[in-house]
Novice: 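This is the structure, below, for whatever I ask next.
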Number of protein chains: 2
Amino acid sequence: MGIAERKEREKEELRERILVAAKNLFLEKGVEKTSIRNIADLIEYSPGSIYHYFKDKNEIFHVLHQGGFQQLMGRMEVLESVSNPMERLKGMGSIYVQFALENPDMYDLMFIKDAPILHVSNSNEEQWKEGFGTFNFLRATIQECIQTGHFRGHEEEALSFLVWSTVHGMVSLRIRRRCEVVLAQRQDTIVKDGLNEFFNILDRLSS
Amino acid sequence: MGIAERKEREKEELRERILVAAKNLFLEKGVEKTSIRNIADLIEYSPGSIYHYFKDKNEIFHVLHQGGFQQLMGRMEVLESVSNPMERLKGMGSIYVQFALENPDMYDLMFIKDAPILHVSNSNEEQWKEGFGTFNFLRATIQECIQTGHFRGHEEEALSFLVWSTVHGMVSLRIRRRCEVVLAQRQDTIVKDGLNEFFNILDRLSS
DNA sequence: ATTTTTTTTTGAACAGTGTTCATTTATTTT
DNA sequence: AAAATAAATGAACACTGTTCAAAAAAAAAT
């Protein structure tokens with residue numbers, strides 16, 4: 001009988017509708033300022049219904065959080081055809097920054113917001129493979145750079161963290177509006193300019 | 001008559017007590033999860049009273065926020081005796097990172113949390129001189145480095161932003177627990193190790 | 001010393017929050 | 001058509017930031 005399957009499908013549909021509504025509201029007003037009632041209003045269901053599909057607000061956040069990593073990883077895939085590891089490294093930087101600036105709220109959710117990440121790491125660590133994957137891709141690339149003679153005298157893991165920190169630092173200062181006061185005139189280009197300075201530095205370390 | 005003065009003093013004292021209580025609670029439970037009632041309970045006053053000393057919760061946050069910048073600037077002052085600009089630059093990095101790791105919640109308040117910063121920049125821009133000052137100190141130092149032959153081919157403002165971003169990136173990834181999953185074994189040393197890699201890079205750019 | 005004025009403090013009230021759960025409504029199976 | 005199952009509801013609970021008329025306390029004036 002296909003009834004059970006249809007019901008399953010309908011359940012999944014409503015679950016998806018909740019996620020879409022939550023995502024829109026989260027990105028529009030922020031996680032904190034989005035209430036379960038707001039989400040319920042948007043999908044025209046009662047607040048209580050949402051708790052039949054998600055344990056709590058954190059779980060909704062968590063699912064969207066994971067989706068972000070899959071998106072970012074997806075963008076990185078085009079780099080697998082770039083054989084030169086230094087070029088690939090720079091490509092990763094560009095894609096990372098572009099992703100962050102194009103999806104500032106999603107980036108915020110993924111790398112800046114702190115609320116429900118503890119809940120995540122406490123529960124299912126399997127679900128972190130996505131975030132794990134992106135960083136491991138960076139590490140593998142830097143390892144290749146070292147193997148081909150770049151970054152002499154540097155330690156791979158710490159250097160990978162440093163590179164990640166540099167791009168994260170720029171975009172997070174931008175996203176959290178710390179440039180506005182201190183670099184008012186140059187707000188729109190400062191991240192791109194900073195990234196270029198960074199690429200210059202990377203090139204100098206090659207020789 | 002000294003009565004008015006005594007009253008003024010008492011008012012200032014209660015204001016200070018509110019700030020101390022708020023700071024403790026903010027750093028302990030976070031700004032968001034600290035309620036006005038929590039603060040009122042701690043100082044044994046009614047919730048309404050607090051609104052006679054501060055316009056709203058944001059103003060309390062704002063005053064503490066400013067205090068953080070003054071603290072950080074204070075720590076930087078010892079570097080004014082360091083004449084070599086490259087050494088001074090590295091000293092700034094060390095002090096910045098140390099401040100952040102020793103006062104993670106205050107750092108969070110100053111550079112990561114986003115809630116009330118708009119309110120700040122909209123209101124009194126005078127009050128931002130502290131944050132302005134720290135960054136300008138960095139810029140001045142890097143300018144000196146350039147004048148003494150370092151960082152050839154780099155642009156001062158963008159490079160300053162990049163340097164700030166690098167240290168901010170490391171400490172903010174640490175504070176917001178993004179190292180836990182990805183660098184579990186090395187959590188406690190990764191920021192120090194990353195900073196050393198950064199110092200190595202800076203030294204290489206000197207020659 | 002008593003009354004008036006000013007200052008300070010209160011706590012109830014408002015509109016909002018996340019979450020729970022007995023009850024109602026809708027659907028499927030018998 | 002009746003019984004059983006599944007899904008959705010919305011009132012209720014304990015919380016949130018904030019406001020404001022009223023009460024209490026303190027100071028000033030009489």
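Here is the naming used below: chain letters follow the sequence lines, and residue numbers restart at 1 for every chain. Remember, it's a predicted structure, so these values are computed and weren't measured experimentally.
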Novice: Touch check for Leu14(B), heavy atoms < 4.0 angstrom, all strands: base, sugar-phosphate only, or nothing?
Specialist: sugar-phosphate

Novice: Select base, sugar-phosphate, or nothing to describe what Ile43(A) touches, counting heavy atoms under 4.0 Å on all strands.
Specialist: nothing

Novice: Roughly how many Å is it from CZ in Arg15(A) to P in dA7(D), rounded to a whole number?
Specialist: 14 Å

Novice: State which residues pass salt bridge (Lys or Arg N to Asp or Glu O under 4.0 Å) with Asp41(A); sequence neighbours excluded, sorted by chain then number.
Specialist: none

Novice: Under 4.0 Å between a side-chain nitrogen and a carboxylate oxygen: does that hold for Asp188(A) and Arg174(A)?
Specialist: yes

Novice: Over 60° means perpendicular and under 30° means parallel, so classify the ring planes of Tyr107(B) and Tyr96(B), tilted if in between.
Specialist: perpendicular

Novice: Heavy atoms only, 4.0 Å cut-off, all strands: where does Tyr53(A) land among base, sugar-phosphate and nothing?
Specialist: sugar-phosphate

Novice: For nucleotides 10-20 of chain C, give me one character per nucleotide, 5' to 3': B if any protein heavy atom sits under 4.0 Å from the base, S if the only such contacts are to the sugar-phosphate, - if neither.
Specialist: BB-B---BBBB

Novice: For residues 81-91 of chain A, which residue pairs qualify under salt bridge (Lys or Arg N to Asp or Glu O under 4.0 Å), counting only residues two or more places apart or in two chains?
Specialist: Glu87(A)-Lys90(A), Arg88(A)-Glu144(A), Lys90(A)-Asp203(A)

Novice: Using 30° and 60° as the class limits, which term best fits the ring planes of Trp164(B) and His168(B): parallel, tilted or perpendicular?
Specialist: tilted

Novice: Rounded to whole angstrom units, what separation is found between the CD1 atom of Ile39(A) and the C1' atom of dT9(D)?
Specialist: 17 Å

Novice: Would you say the rings of Phe135(A) and Phe69(A) are close, in the sense that their centroids are separated by under 6.0 Å?
Specialist: no

